[in-house]
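Being a predicted model, the structure only gives us computed values, none of them experimental.
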Amino acid sequence: MEGKKKGLVALSALLIIAMLVALAGCGSNNTTNNSTTSTSKKVYKIGAIQIVEHPALDAAYKGFKEELAAEGYKDGDNIQLDYKVAQGDTNNLNTIASQFVGDKKDLILAIATPSAQAVASQTQTIPIVATAVTDYPSAKLVDSNDKPGRNVTGTSDLNPVAKQIDLGLQLVPSAKTVGIAYNSSEQNSKFQVDIAKKEAAAKGLKVQEVTVTGANDVQQAIQSLVTKSDFIYLPTDNTLASAMQTVSQVANASKKVVIGGEPNMVKGGALATLGVDYEALGRMTGKMAVEILKGQKPADMPIQFATETPIVINSDTVKAIGITIPADLQQYVKAPADIS
């Protein structure tokens, strides 16, 4: 009997030791898991939404990515970039915005005014940094440029419209009428056109104005303007920018000068511009994004503006329309391949 008791005690002791070892093992595993969790790096989810593909907006996204990489934020490493283009369709734009908000992105890049408006209408909490937006207050994206006051900030592509009209007059000194084409549903375009009309009136120019609702309207609109105006002015309008091949074909056939809103329009066939470098604008936006990822609030970050607006003249278009470039502007003539 005594032997049986000793055996039971020994067995109990063994069971207790086994349980303690098992518990120690679980504790060890938990420690390892917690250590892995605490040392894993944060991967930021960034959504990039773009209204349509065209060289200027593409360049802005390129500059944005390059600046993030230069600051140590690389796709597939510590950031996860989700880039989507709406192909000019408002329904697609709203769907993408909804997807990004539902996915709880850490930051959303909105490229062009319609993109920023679509995202801002669906979230007041996720930080939004925008680019290629002409005027944030009139687009109802911020309270003011100096103090946005909301979850939106970014960079403006507002061009020196007055200087662009002056450039048109330098190239066509006898001009009496300027033709202007734009998409009336784009707030950014309307803002620029209002400035252009005031500047034209101040310089004694009459204005012929046509509006488009999509790329299919562009050919007819430009055909109308080449018969009614001495030169044509195009703002940084997304619809027209995506249809520059059509614009240049019609205008060049009529030997008509087209002043584009930005360099990529000139690369696409317009004669000249004095406008924003969109890749540089994208890099400015990338710097702002980095500050937001580090904790800065968009509400406290003033809207930034491009400072460099070089003159660019397309050498192919010079030949196509047979124009003589004034001596003081000849240094700005470039082959399309050299325009960026």
Side-chain angles (χ1 to χ4, degrees), residues 29-89 91-120 122-133 151-155 157 238 241-242 264 276-298 301 304 306 340:
N29 287 338
N30 286 338
T31 302
T32 302
N33 290 338
N34 290 338
S35 175
T36 301
T37 301
S38 65
T39 58
S40 62
K41 61 186 173 184
K42 167 75 173 177
V43 177
Y44 295 94
K45 296 191 297 182
I46 301 176
I49 180 171
Q50 183 172 316
I51 176 64
V52 69
E53 287 179 296
H54 65 69
L57 301 188
D58 296 347
Y61 181 58
K62 180 175 182 285
F64 177 82
K65 287 194 301 180
E66 288 176 347
E67 186 58 38
L68 284 183
E71 296 278 354
Y73 293 85
K74 298 181 181 179
D75 191 20
D77 182 16
N78 52 353
I79 62 170
Q80 183 182 51
L81 277 172
D82 188 359
Y83 171 61
K84 296 185 185 299
V85 181
Q87 303 302 339
D89 188 295
N91 290 330
N92 288 345
L93 198 65
N94 290 326
T95 298
I96 295 167
S98 179
Q99 289 173 349
F100 284 174
V101 173
D103 195 31
K104 297 181 180 179
K105 301 294 189 188
D106 295 296
L107 174 74
I108 297 175
L109 167 69
I111 307 173
T113 302
S115 305
Q117 290 173 320
V119 180
Q122 298 199 35
T123 179
Q124 286 76 52
T125 55
I126 296 175
I128 299 168
V129 60
T131 189
V133 172
N151 63 318
V152 182
T153 189
T155 58
D157 64 350
N238 293 300
S242 64
N264 283 288
V276 171
D277 179 334
Y278 275 78
E279 190 170 328
L281 195 70
R283 288 194 292 271
M284 288 174 60
T285 315
K287 285 183 181 296
M288 297 182 77
V290 169
E291 292 304 312
I292 293 171
L293 293 178
K294 290 180 177 179
Q296 187 85 340
K297 294 184 181 301
M301 300 173 69
Q304 296 189 19
S340 60

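- With sequence neighbours excluded, no residue forms a side chain to side chain donor-acceptor pair (under 3.5 Å) with Q80.
- Here the shortest heavy-atom pairing between D103 and K105 reads OD2-NZ, 2.7 Å.
- Residues D58 and Q50 approach most closely at OD1-NE2, 2.8 Å, considering heavy atoms.
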Could you go through residues 106-115 and list every donor-acceptor pair under 3.5 Å that involves a side-chain atom there, pairing it with any protein atom two or more places apart or in another chain?
from	atom 1	to	atom 2	distance (Å)
D106	OD2	K45	N	2.7
S115	OG	I51	N	3.0
S115	OG	I111	O	2.8

Taking only distance into account, with no hydrogens and no angle test, what donor-acceptor pairs under 3.5 Å do side-chain atoms of residues 66-74 form with protein atoms, sequence neighbours excluded?
from	atom 1	to	atom 2	distance (Å)
E66	OE2	K62	NZ	2.8
E67	OE2	K287	NZ	3.1

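- For T153, there are no side chain to side chain donor-acceptor pair (under 3.5 Å) partners, not counting sequence neighbours.
- Nearest approach of F64 to A289, heavy atoms of both residues: CE1-CB, 3.6 Å.
- Remark: Y61 pairs with Y83 by the ring pair (Phe, Tyr, Trp, His ring centres under 6.0 Å) rule, at least two apart or across chains.
- When the side chain to side chain contact (heavy atoms under 4.5 Å, CB included) test is applied to A97, the partners found at least two apart in sequence or on another chain are I49, A118, V119, Q122.
- Applying the salt bridge (Lys or Arg N to Asp or Glu O under 4.0 Å) rule to K84 yields the partners D82; only residues at least two apart in sequence or on another chain are considered.
- With N151 contributing its side chain and I128 its backbone, the two residues share no donor-acceptor pair below 3.5 Å.
- Contact detail for A120 and Q124: the closest heavy-atom pair is O-NE2, 3.2 Å.
- Atoms CG and NE2, on N264 and H54 in that order, are 8.5 Å from each other to the nearest 0.5 Å.
- Partners of D89 under the side chain to side chain donor-acceptor pair (under 3.5 Å) rule, at least two apart in sequence or in another chain, do not exist in this structure.
- Between A280 and D277, the shortest heavy-atom contact is N-OD1, 3.1 Å.
- Under the side chain to side chain contact (heavy atoms under 4.5 Å, CB included) criterion, D157 pairs with A132, T134, T236, Y278, L281, sequence neighbours left out.
- Here side chain to side chain donor-acceptor pair (under 3.5 Å) pairs that include residues 91-100, with residues two or more places apart or in two chains, number zero.
- Applying the ring pair (Phe, Tyr, Trp, His ring centres under 6.0 Å) test to residues at least two apart or on different chains, none of the pairs has a partner in residues 94-116.
- S242 meets the side chain to side chain donor-acceptor pair (under 3.5 Å) test with no other residue; sequence neighbours excluded.
- Of the candidates L293, V129, T131, M288 forms a side chain to side chain contact (heavy atoms under 4.5 Å, CB included) with just one, namely V129.
- A distance of 9.0 Å separates NZ of K104 from CD1 of I126, quoted to the nearest 0.5 Å.
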